[in-house]
Amino acid sequence: MTLPLTLSVAAILFALGVFGALTRRNAIGVLMSIELMANAVNINLVAFAHYTNGVAGQTFALFAMALTVVEVAVALAIVVLLYRTRRDIQIDLASEMQR
Amino acid sequence: MNAVQLALVAVLLPVAVALFLLVAAPVRRAGWPAAALSLAGAIGSLIASVWLLWRQTVLPEQALLEEVRWLPEAGSSAATIGVLVDGVSASMLVVVALVATCVQVFSVGYMAHEPKRDFGRYFTWHSLFLFSMQGLVLAPNLLQLFVCWELVGLCSYLLIGFYWQKGSAGKAAVKAFWVTKLADTGLLLGLIVQYAATGSFGWGPETVSTLQAAGAALPAVGLLYFLAVMGKSAQFPLHVWLPDAMEGPTPVSALLHAATMVAAGVYLIVRAYPIFAASEAVMTAFGVVGGFTAVFAACVAVVQTDIKKVLAYSTCSQLGYMVAALGTGSFMAGYLHLTTHAFFKALLFLAAGSAIHAVHSNELKDMGGLARRMPVTGAAFVIGCLALAGVPLLSGFYSKDMVLESLLHAAQEHPVFWFPLVTCTVSAGITAYYMGKAAVLAFFGRASSHAEHAHESGPSMALPLIVLALPAVGAGWMTGVMANLWGVPDVHFAVVHFTPIGIVATTLALGGLAVAWIKHAQGGLGGLDAAFAPLGALARSGIVDRAWDTAWRRGVLVASAGLAWFDRYVVDGLMNFTGVGFLEAGTVVRRMQTGRASDYLWAISLGILLLAVYSQARMWVG
Amino acid sequence: MIGTIALSALGALMIACGIAVVRARDLVHAVFWLAAMLIATAGLFVVLEAPFLAGIQIVLYTGGVITLMLFGVMLTHRDLDAAIPNPVAHELRAGITAAALAGALLLGIWSTDWGAAKPAATVSVAQIGAHLLGPQLLAFELLSVLLLIAMIGAIALARRTDP
């Protein structure tokens with residue numbers, strides 16, 4: 001029962017993260033939603049590590065956490081830069097990607 | 001050396017020279033070295049040819065065939081390339097090599113004032129031509145013959161357009177090329193039909209019987225080949241390029257457009273005679289077309305004022321004799337006339353060239369009285385003229401006599417051959433008249449202002465005249481030898497013999513010469529002009545040219561308009577449709593790229609969803 | 001059984017926090033809800049017998065990430081941010097996508113026969129360390145390089161370019 005339950009929690013958190021990423025218009029809000037998704041992934045890793053009783057899953061989770069931190073650091077740097085150049089961090093206004 | 005090696009020397013020596021001159025531009029541009037090399041090639045080819053002919057004459061071997069496989073196919077080859085040495089090809093080899101050598105020697109004097117580059121270019125094309133012609137003569141199958149046929153056409157184009165700075169020469173070259181090219185499609189199509197029907201490019205008995213079994217294929221192939229012959233050998237109505245081809249240097253006219261290249265058409269008939277002889281329709285076509293060309297071209301020749309044009313139409317007319325004679329089934333008559341004609345017509349052209357060189361004009365009225373100032377040239381022209389007219393004991397007499405006799409025999413069996421018989425007999429008289437007129441106007445009577453300071457040409461031009469005059473006089477006496485050589489049995493030959501038709505023709509010829517003398521040297525017979533006036537107007541109007549021009553232009557223009565429409569709306573339409581289609585699709589697809597990060601995120605989520613659904617579906621299905 | 005109950009409780013808490021994170025009107029609130037969710041996750045890790053990871057989770061996320069986020073929000077905060085509502089169609093589209101995703105994942109999870117779990121045992125820190133510096137040494141070293149790159153990159157990005 002433990003594994004599917006944990007996985008379900010992770011799945012719902014992941015879906016919430018997707019929803020947040022789609023609806024948030026503030027870049028940091030989007031970033032937090034992404035954190036939500038990353039956390040769901042971490043939960044999955046740990047759940048499977050527990051299920052298979054292996055050490056690899058936990059190690060992987062550690063790596064994933066480190067990557068998340070890296071991502072947050074870089075993303076926040078981008079947000080700050082965005083804010084500095086446009087005085088605004090609304091991402092649906094940031095349609096420069098089209099050009 | 002054996003016969004095959006000799007033949008290979010005869011054909012490969014000129015091409016070696018030609019290729020060397022093509023590649024070694026400095027030698028070519030130096031002029032004289034190129035001429036020396038080309039002459040060496042021609043003389044080498046001549047020696048090998050004469051040697052080969054001697055061997056064939058004293059040791060009448062069977063035909064020697066040496067081939068290598070070409071266009072390999074599984075197990076065998078679609079075609080071969082090689083040499084076929086027999087009496088027919090051996091004698092033609094000598095004719096070609098002899099005339100080519102004489103013309104090249106003559107050209108050294110005639111073209112001496114050309115710039116060095118052009119001089120070298122001229123001899124390069126001559127070497128290439130000699131190779132192509134020898135290759136054509138030795139061809140063991142029609143495919144190789146076709147290749148060489150196109151090569152001589154190319155040389156003709158290059159040499160007619162030698163004075164390309166002159167617009168008319170360029171036009172004449174292009175005209176010659178296109179008219180013969182139009183005709184050559186016949187040869188190409190014929191080859192395709194023949195190969196499809198028999199799987200062979202040859203003319204052996206098996207091929208002919210297979211063709212015969214294939215029903216309509218035999219006359220179709222024969223008529224298609226005949227179309228090419230009409231183009232190459234200037235038969236009505238495809239003769240229009242030959243008079244224009246006189247824009248080329250006169251020695252070129254002597255070699256290509258009188259003696260050898262135009263005879264290639266007749267040679268094709270001679271070579272592949274079994275194919276033609278098997279179909280009565282084709283033979284009848286030979287008789288009718290040849291007969292009409294003989295008289296038509298002779299009449300037009302009468303009203304020409306340009307000495308080269310007179311000779312050009314005369315060539316058309318004589319080629320008509322050959323074709324008509326071959327139509328009767330008399331291989332001997334046609335081929336003998338080809339051989340003798342090559343000698344005396346080359347002689348006539350070279351003599352005319354010598355005269356033109358002296359007075360710097362082609363017009364008969366600018367000449368006159370040249371015989372006293374240029375005795376060798378005058379004698380050569382008169383000999384050629386008498387030979388062509390068919391004066392007894394000269395070469396033309398024997399061959400023309402044989403042609404008329406064969407036509408008479410044929411007419412007794414097939415009434416349709418009365419037509420060529422009558423036209424050719426009448427033409428004999430007309431020929432004598434216009435040749436006599438040309439000889440009288442150019443070489444006798446009062447000299448025009450141009451001709452007053454003319455003097456005999458140098459040895460390089462006089463020598464070939466003397467050399468060519470010998471066979472022009474005496475080739476006919478070798479008729480018996482040639483008949484043996486060509487494997488034609490029961491030709492009874494005597495140096496002096498008169499057949500009834502021969503007497504008629506000879507009388508007409510002598511009469512024509514006499515009329516020419518009386519009218520143009522004595523100033524009598526004023527009414528004759530009036531008789532020829534309508535013909536002159538007709539000739540000047542260039543009605544045949546005009547008809548071709550219209551037909552060709554209309555045909556080409558209409559076809560081009562159709563093709564242009566197809567190109568514009570179908571080919572381009574397809575292209576444009578593709579382009580515009582992608583452009584429109586791009587505009588549609590572009591809207592998906594909003595540039596808003598949330599939209600991309602949504603697309604990513606959708607992708608994940610699809611993956612999840614896919615894995616679920618797989619689990620349930622699997 | 002106790003594990004299941006604890007899991008359910010923690011899961012419910014986490015989902016509630018998650019909803020709050022994505023729906024909170026004020027970003028600062030959202031950050032705190034995120035912190036709460038991350039701490040709950042650490043609790044989940046404890047239940048799943050990964051105490052070391054739980055510790056790391058608290059130290060790294062609440063100590064590092066949340067602080068960073070707060071700084072980010074404060075540095076870039078403007079009052080009108082939350083004022084602009086999303087179009088309803090947009091929200092609906094996102095909701096449907098997320099619901100469908102959750103549905104598909106849950107369907108997958110509950111339709112799979114997971115079989116019996118192995119007897120669980122706590123993985124010691126020593127084991128993780130041995131694994132990190134043993135089979136995963138290359139990945140570990142690469143990760144340290146990545147961290148360095150990220151550090152330099154973040155500084156380079158956020159640095160004021162004008163003198």
Side-chain angles (χ1 to χ4, degrees), chain A residues 1-9 11-20 22-29 31-33 35-36 39 42-43 46-47 49-53 55-56 58-59 61-63 65-70 72-74 76-81 83-84 87-90, chain C residues 3-4 7-8 11 14-15 18-19 21-22 27 30-31 34 38 41 44-45 48-50 53 56-57 60 64-65 68-69 72-73 75-76 81 84 86 90-91 94-95 97-99 101-102 105-106 109-110 114 117-118 120-121 123 127-128 131-132 136 139 143 146-147 150 153-154 157-158:
Chain A
M1 250 335 246
T2 315
L3 181 68
L5 208 56
T6 324
L7 293 183
S8 303
V9 172
I12 291 167
L13 282 178
F14 187 83
L16 279 172
V18 168
F19 178 77
L22 287 177
T23 49
R24 282 289 186 196
R25 313 177 65 181
N26 186 297
I28 293 178
L31 198 57
M32 280 191 283
S33 304
E35 281 305 308
L36 222 53
N39 204 51
N42 258 347
I43 293 169
V46 175
H50 180 249
Y51 176 69
T52 59
N53 198 10
V55 70
Q58 293 203 19
T59 321
L62 263 180
F63 282 134
M65 281 181 193
L67 286 175
T68 315
V69 173
V70 166
V72 168
V74 176
L76 277 173
I78 292 173
V79 168
V80 169
L81 189 65
Y83 181 77
R84 196 182 298 147
R87 313 304 300 172
D88 198 348
I89 52 170
Q90 301 292 342
Chain C
T4 311
L7 268 178
S8 307
M14 284 161 71
I15 290 165
I19 291 170
V21 167
V22 296
L27 266 184
V31 175
L34 181 64
L38 292 171
T41 309
L44 189 71
F45 287 174
L48 293 175
E49 295 175 277
L53 273 180
I56 295 286
Q57 172 88 5
L60 211 60
V65 173
L68 266 177
M69 292 257 180
V73 173
L75 276 173
T76 61
D81 277 357
I84 311 162
N86 268 319
H90 190 113
E91 301 250 319
T97 308
L101 195 58
L105 290 174
L106 288 175
I109 290 163
W110 289 103
W114 297 102
K118 289 180 186 170
V123 175
Q127 274 176 299
I128 295 174
H131 194 69
L132 269 182
Q136 303 294 339
L143 189 66
L146 182 70
L147 283 168
L157 278 172

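Here is how names work: the chains are called A, B, and so on, in the same order as the sequence lines, proteins then strands, and each is numbered from 1. Reckoned from all heavy atoms, side chains included, excluding hydrogens, waters and symmetry mates.
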Between [options], the one whose heavy-atom pairs under 4.5 Å with chain A are most numerous:
options                              : value
C:Ala154, C:Ala94, C:Gly11           : C:Ala94
C:Thr41, C:Thr97, C:Thr4             : C:Thr41
C:Val65, C:Leu38, C:Ile109, C:Leu105 : C:Ile109
C:Ala30, C:Ala99, C:Gly153, C:Gly64  : C:Ala30

Side chain proximity check, [X] to [Y], heavy atoms < 4.5 angstrom:
X       : Y        : result
C:Leu48 : A:Thr2   : yes
C:Met14 : A:Ile12  : no
C:Ile56 : A:Leu62  : yes
C:Leu75 : A:Tyr83  : no
C:Val21 : A:Ser33  : no
A:Phe63 : C:Leu146 : no
C:Leu60 : A:Thr68  : no
C:Leu53 : A:Asn42  : no

What part of [X] lies closer than 4.5 angstrom to a heavy atom of chain A: side chain, backbone, both or neither?
X        : answer
C:Leu34  : side chain
C:Leu143 : side chain
C:Ala139 : both
C:Leu44  : side chain

Where does [X] contact chain C at under 4.5 Å (heavy atoms): side chain, backbone, both or neither?
X       : value
A:Leu16 : both
A:Leu13 : side chain
A:Ala56 : both
A:Ile43 : both
A:Gln58 : both
A:Phe14 : side chain

With rounding to the nearest 0.5 Å, note down the distance linking [atom1] in [X] to [atom2] in [Y].
X        : Y        : atom1 : atom2 : result
C:Met69  : A:Leu31  : CE    : CG    : 4.0 Å
A:Ile28  : C:Leu27  : CD1   : CG    : 6.5 Å
C:Leu157 : A:Leu76  : CG    : CG    : 11.5 Å
C:Leu101 : A:Phe19  : CG    : CZ    : 13.0 Å
A:Leu7   : C:Leu106 : CG    : CG    : 9.5 Å
C:His131 : A:Thr59  : NE2   : OG1   : 4.0 Å

Check A:Ala15 against C:Ala102 and note the closest heavy-atom contact, atom names and distance.
CB-CB, 3.5 Å

Where is the tightest heavy-atom contact between A:Leu5 and C:Ser8, given as atom of each residue plus distance?
CD2-OG, 3.4 Å

Below 4.5 Å, heavy-atom pairs only: which of A:Ala11, A:Pro4, A:Ala77 has the largest tally toward chain C?
A:Pro4

Given the options A:Val80, A:Val18, A:Val9, A:Val55, which has more heavy-atom pairs under 4.5 Å with chain C than any of the others?
A:Val55

Do A:Asn39 and C:Gln57 pair up side chain to side chain, a donor and an acceptor below 3.5 Å, judged on atom types alone?
yes

